[in-house]
Student: 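Dumping the structure here so I can ask a few things about it.
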Amino acid sequence: MKALGIEGTAWNLSVAVVDEKDVLVQISDPYIPKVGGIHPREAAQHHAEKLPKIISKVFDLLSVEEIDLIAFSQGPGLGPCLRVVATAARLLALKLNVPLVGVNHCLAHLEIGRWKSGAKNPVTLYVSGGNSQVIARRGRRYRVFGETLDIGIGNAIDKLARYIGLPHPGGPKIEQLARNGSKYYSLPYIVKGMDLSFSGLVTAAQKMYDSGVKIEDIAFSFQETAFAMLTEVTERALAYLKNDEVLLVGGVGANLRLQEMLKTMCEERGAKFFAPPKEYMGDNGAMIAYTGLLMFRSGHSTKIEESYVKPDFRIEEVEITWL
Ligand code: ATP
Ligand code: FE2
């Protein structure tokens with residue numbers, strides 16, 4: 001069975017076709033803001049302009065008849081972007097006369113992470129621009145055990161990066177700078193029970209910049225503090241759930257220092273650390289296609305009249321029928 005998936009909740013417009021065994025095709029065209037951060041309407045315009053070209057490239061590589069279902073990212077995400085993707089997905093499903101499956105974006109990060117890393121029933125740390133959550137399965141639902149109370153860690157990193165004059169997305173550049181930092185400056189470490197907060201950390205790091213601290217040391221201090229917070233909450237969930245697998249997913253998961261900190265924590269606890277290859281960390285079409293396939297094969301599908309976008313879609317809302 002082959003599923004075509006469309007991802008376009010925010011910066012990356014990506015279309016992929018997967019079957020049960022592998023990712024067969026993936027074509028992406030990211031939106032890169034000229035100045036500042038992601039502008040929702042500009043991103044949506046980018047997606048609307050590029051999507052037809054990407055879809056026709058996909059059908060240069062595969063025939064239309066091979067596609068058994070259309071999956072799309074239904075939310076959470078930026079409203080204008082979600083509407084472009086949903087409209088295209090509905091049109092394709094109607095035109096090809098195949099079922100439609102609306103996929104939760106967070107769930108898709110998690111499921112492709114499990115698929116491409118081999119983790120079975122992990123505690124998942126999902127870290128991206130918009131989200132920072134610790135998730136584990138409880139019966140027929142994924143539950144969020146802890147999450148950010150304000151902004152996602154990726155958004156926090158991007159804000160700091162912009163402030164110190166780096167282009168969007170700041171994550172990879174901050175990681176590089178941090179490697180050359182050596183002096184640790186104390187920054188606000190905010191963990192409340194299982195939840196986290198990053199905005200105070202950003203403000204404090206911005207003040208450090210204003211006072212003339214070297215950007216390498218700011219990046220280093222920022223990463224050490226934020227990633228220690230994330231590692232602490234993940235460890236607490238692991239202990240509470242008596243689990244022994246940790247899975248890292250989401251765009252920020254590409255960060256090698258974060259991976260290293262989680263690995264060390266896992267080694268100390270006798271747990272195993274899992275992460276998918278980098279190409280499946282950040283937003284990608286394959287994660288939507290694959291999760292759509294899992295869902296469809298276990299009984300899910302989305303009627304056209306129920307395919308409205310869900311900008312605040314939570315992972316808990318989806319019943320797990322495929323495990
Ligand atoms: P979501 O809707 O899941 O929040 P998203 O739109 O933020 O997704 P992702 O691709 O999952 O998209 O994550 C993008 C984020 O990942 C950006 O904030 C980016 O700066 C960050 N990022 C990418 N690479 C790195 C890295 N090496 N280190 C830290 N952050 C990174
Ligand atoms: Fe994402």
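For this chain, numbers begin at 1 and follow the sequence in order. Read the numbers this way: they start at 1 and go in the same order the structure lists the ligands and their atoms.
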Student: Is there a path of hydrophobic side-chain contacts, each under 4.5 Å between heavy atoms of I, L, V, M, F, W or Y residues, that connects L201 with F227?
Tutor: yes
Student: For L149, does its backbone N or O pair with a side-chain atom of D195 as donor and acceptor, under 3.5 Å?
Tutor: no
Student: Pull out every atom of ligand 1 sitting under 4.0 Å from any heavy atom of G130, numbered as shown with elements.
Tutor: 4 (O), 7 (O)
Student: I'd like to check whether N255 has a polar contact with ligand 1, where a contact means an N/O of the residue lying under 3.5 Å from an N/O of the ligand.
Tutor: yes
Student: Do L166 and L177 have side chains that approach each other closer than 4.5 Å (heavy atoms only, starting at C-beta)?
Tutor: yes
Student: Would a distance-only check, ignoring hydrogens and angles, find a side-chain to backbone donor-acceptor pair under 3.5 Å from R162 to V35?
Tutor: no
Student: To check your reading of the model: name the closest protein heavy atom to atom 31 (C) of ligand 1, its residue, and the distance in Å.
Tutor: G171 CA, 3.5 Å
Student: Could you tell me which atoms of ligand 1, counted from 1 in the order shown, lie closer than 4.0 angstrom to a heavy atom of G282?
Tutor: 10 (O)
Student: What residue and atom, counting heavy atoms only, is the protein's closest point to atom 15 (C) of ligand 1, and at what distance?
Tutor: G129 N, 3.7 Å
Student: Return the residue, atom name and 0.1 Å-rounded distance of the protein heavy atom closest to atom 5 (P) of ligand 1.
Tutor: D283 OD2, 3.5 Å
Student: Given side chains that start at C-beta, do those of K214 and F220 come closer than 4.5 Å, heavy atoms only?
Tutor: no
Student: From the options V252, D158, I38, select the one whose nearest heavy atom is closest to atom 18 (O) of ligand 1.
Tutor: D158
Student: Spell out, as yes or no, whether a donor-acceptor pair under 3.5 Å connects the side chain of R141 to the backbone of E317.
Tutor: yes
Student: Need the ligand 1 atom indices (1-based, order shown) with element for anything under 4.0 Å from a heavy-atom of H109.
Tutor: 3 (O), 11 (O)
Student: Can you check whether P311 reaches L82 side chain to side chain, under 4.5 Å on heavy atoms?
Tutor: yes
Student: Is the count of non-hydrogen atoms from other residues, nucleotides or ligands lying under 6.0 Å from Y240 atom OH greater than 12?
Tutor: no
Student: With the Fe ion (ligand 2) at the center, what angle do NE2 from H109 and NE2 from H105 span, rounded to 10 degrees?
Tutor: 90°
Student: Could you list which atoms of ligand 1 come closer than 4.0 Å to a heavy atom of A10?
Tutor: 6 (O)
Student: Which N/O/S atom belongs to D283 and is the closest one to the Fe ion (ligand 2)?
Tutor: OD1
Student: According to the interplanar angle, ranging from 0 to 90°, do the rings of Y209 and Y163 count as parallel (below 30°), tilted (30 to 60°) or perpendicular (above 60°)?
Tutor: perpendicular
Student: Is the closest side-chain heavy-atom distance between I190 and K192 below 4.5 Å?
Tutor: yes
Student: Give me the residue, atom name and distance of the protein heavy atom closest to atom 27 (N) of ligand 1.
Tutor: E175 OE1, 2.8 Å
Student: For ligand 1, which atoms have a heavy atom of N131 less than 4.0 angstrom away?
Tutor: 1 (P), 2 (O), 3 (O), 4 (O)
Student: Is it true that G152 lies under 4.0 Å from ligand 1, counting heavy atoms only?
Tutor: no
Student: So if I count the atoms of ligand 1 from 1 in the order they appear, which ones are less than 4.0 Å from some heavy atom of G154?
Tutor: 18 (O)
Student: Would you mind running through ligand 1 and noting each atom that sits below 4.0 Å from a heavy atom of H105?
Tutor: 1 (P), 2 (O), 3 (O), 8 (O)
Student: Quick one: nearest non-hydrogen protein atom to atom 12 (O) of ligand 1, plus distance?
Tutor: W11 NE1, 3.0 Å
Student: Between E175 (side chain only) and L256 (backbone N and O only), is there a donor and an acceptor less than 3.5 Å apart?
Tutor: yes
Student: Starting from atom 22 (N) of ligand 1, which protein heavy atom do you reach first, and at what distance in Å?
Tutor: G251 O, 3.6 Å
Student: Report the nearest protein non-hydrogen atom to atom 3 (O) of ligand 1: residue, atom name, distance rounded to 0.1 Å.
Tutor: Y126 OH, 2.4 Å
Student: Quick one: which ligand 1 atoms are inside 4.0 Å of a heavy atom on S128?
Tutor: 1 (P), 3 (O), 4 (O), 7 (O), 8 (O), 11 (O), 13 (O)
Student: Is there side-chain contact between S14 and M287, with at least one heavy-atom pair below 4.5 Å?
Tutor: no
